[in-house]
Amino acid sequence: MKTVRAPGRVNLIGEHTDYQDGWCLPIAIDREAVVRYTATDNQSIIVHSAQLPGEARVGVDGGVGPTSAPWASNVANVVNALIERGYPIRGVDAHLDSSVPLGSGLSSSAAFGVAITIALADANGAVLDHIEVARVAQRAEHLGGVPCGIMDQMASAISRAGHAMLLDCRTLHIEAIALPDDLGVIVVHSGLPRTLADSQYAQRRAACEQASARLGIVNLRDATLDAVSDDPFARHVVSENLRVHAFVAALRANDTNALGELLNASHESLARDYLVSTPELDQLVEILRDTGAYGARLTGAGFGGCVVALAPLAEANAIAQHAALRYRAETDLIPFAFVSQACAGAEIIE
Ligand code: GLA
């Protein structure tokens with residue numbers, strides 16, 4: 001029996017840029033998917049989950065078994081992504097236990113995909129480098145009809161403890177950016193499920209592709225702010241890329257004012273230009289700023305899910321709890337809040 005862990009992520013800045021070859025800056029959080037697995041001589045991958053009912057039974061050819069739970073398709077998508085890339089598959093018995101809240105915008109799905117990818121490859125003696133793991137897990141999402149970028153899988157597969165990951169989504173070059181010791185990362189779930197996230201996500205992607213076609217460029221990574229000044233969707237992506245680089249400079253200088261302003265500017269751009277916020281997310285962001293955070297913004301795809309805020313580490317827990325209480329009183333929604341370390345990416349822990 002071996003064990004692999006793969007964390008969820010929260011993105012500090014660089015939202016809706018990954019699928020336009022831009023830059024983003026996620027950290028891996030201290031919530032993770034843990035898969036215990038053992039290779040077998042069966043022709044099936046059998047997965048049980050501590051959180052999900054039933055059993056996933058997937059053939060080594062990628063077919064889903066008849067008595068499988070609905071979530072077996074997620075396992076099958078990983079198997080098929082591995083097969084497509086030429087990795088042979090053997091039977092595996094696995095058990096999944098995840099502390100990443102499901103469907104919350106903290107990449108529970110990427111954590112699952114990365115952990116299962118590593119387990120299935122390792123069970124057959126294949127060693128995939130981290131970028132290949134991320135590519136397989138991203139391809140599995142695409143096979144499941146989710147046209148995501150590669151940020152979540154890269155963050156889960158590669159992050160370094162104490163650091164954010166500056167990811168260039170065109171080259172997949174990464175640079176670990178140290179987080180100041182006294183900086184606290186607050187994550188608050190709004191209590192709003194991300195209902196529209198999937199359909200609107202695909203629409204935003206399509207709008208970016210149309211903007212790039214109009215400009216005659218591969219994607220918005222190559223656009224200037226001037227060229228997109230009258231297109232709010234494209235303007236968000238291009239301005240957000242600039243904010244990522246400014247944010248990295250502010251982290252290096254430990255300039256907390258600048259960090260806060262950049263978070264706030266990112267939120268405004270996501271809300272007003274990219275139209276992926278909701279009144280509740282706007283309210284939660286306001287409350288966090290008002291409660292003493294340097295700045296706050298929605299994180300992930302939007303339309304519900306989480307916000308991220310930065311604050312002095314010594315006060316971060318108190319700010320998180322106060323903000324959550326106030327938000328609950330004002331909205332009747334049930335948030336949950338926590339302060340996360342920046343953790344290490346996926347690994348086999350024996
Ligand atoms: C989701 C996707 C990511 C990324 C973000 C928005 O989390 O899975 O690839 O596009 O939305 O930044």
Side-chain angles (χ1 to χ4, degrees), residues 6-29 31 33 74 77 81 100-114 131 134-159 164-170 172 174 187 189-190 193-209 219-221 233-234 236-241 243-244 247 262-263 266-267 269-271 273-278 281 297-308:
R9 65 94 189 91
V10 70
N11 188 20
L12 297 184
I13 200 161
E15 212 67 82
H16 287 283
T17 52
D18 62 349
Y19 50 82
Q20 286 297 301
D21 274 0
W23 290 267
C24 53
L25 192 75
I27 64 167
I29 58 173
R31 312 257 162 148
N74 297 324
N77 291 335
V100 191
L102 286 179
S104 61
L106 297 173
S107 292
S108 56
S109 176
F112 170 85
V114 165
I131 291 182
R135 285 190 203 275
V136 170
Q138 182 198 26
R139 176 65 184 148
E141 296 285 350
H142 290 181
L143 290 174
V146 179
C148 61
I150 202 166
M151 165 173 74
D152 306 346
Q153 293 76 17
M154 288 289 284
S156 182
I158 306 184
S159 296
M165 181 176 78
L166 174 61
L167 171 62
D168 177 337
C169 297
R170 174 166 284 172
L172 298 190
I174 56 174
V187 181
H189 188 274
S190 62
R194 298 175 313 140
T195 31
L196 285 173
D198 291 349
S199 58
Q200 294 282 337
Y201 186 89
Q203 285 178 22
R204 293 299 179 283
R205 262 195 94 131
C208 291
E209 280 154 22
N219 48 42
L220 294 173
R221 150 78 168 251
F233 287 163
H236 163 71
V237 176
V238 177
S239 65
E240 184 77 351
N241 277 330
R243 282 187 288 273
V244 174
F247 193 92
L262 287 160
L263 288 178
S266 171
H267 185 81
S269 178
L270 287 159
D273 277 358
Y274 217 57
L275 305 179
V276 295
S277 189
T278 69
L281 290 172
R297 56 180 287 277
L298 74 84
T299 183
F303 299 104
C306 288
V307 308
V308 63

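One-based numbering, in listed order, for ligands and for the atoms of each.
Residues lining ligand 1 at a heavy-atom distance below 4.0 Å are given as Arg9, Glu15, His16, Asp18, Tyr19, Cys148, Gly149, Met151, Asp152, Tyr201, Gly300, Ala301, ordered by chain and residue number.
Residues Arg243 and Ser266 bring no donor and acceptor atom of their side chains to less than 3.5 Å of each other.
With sequence neighbours left out, Arg31 forms a salt bridge (charged side-chain N to carboxylate O under 4.0 Å, His left out) with no residue at all. Residues passing the salt bridge (charged side-chain N to carboxylate O under 4.0 Å, His left out) test with Arg135: none are found, sequence neighbours excluded. Ser156 is linked by a side-chain contact (heavy atoms from CB on, under 4.5 Å) to Ala6, Pro7, Ala111, Val114, counting only residues two or more places apart in sequence or in another chain.
Of the charged side-chain nitrogens involved, at least one lies within less than 4.0 Å of a carboxylate oxygen, so that Asp168 and Arg221 count as a salt-bridged pair.
Asn11 places no side-chain N or O within 3.5 Å of a backbone atom of Gly300 that could act as its donor or acceptor partner.
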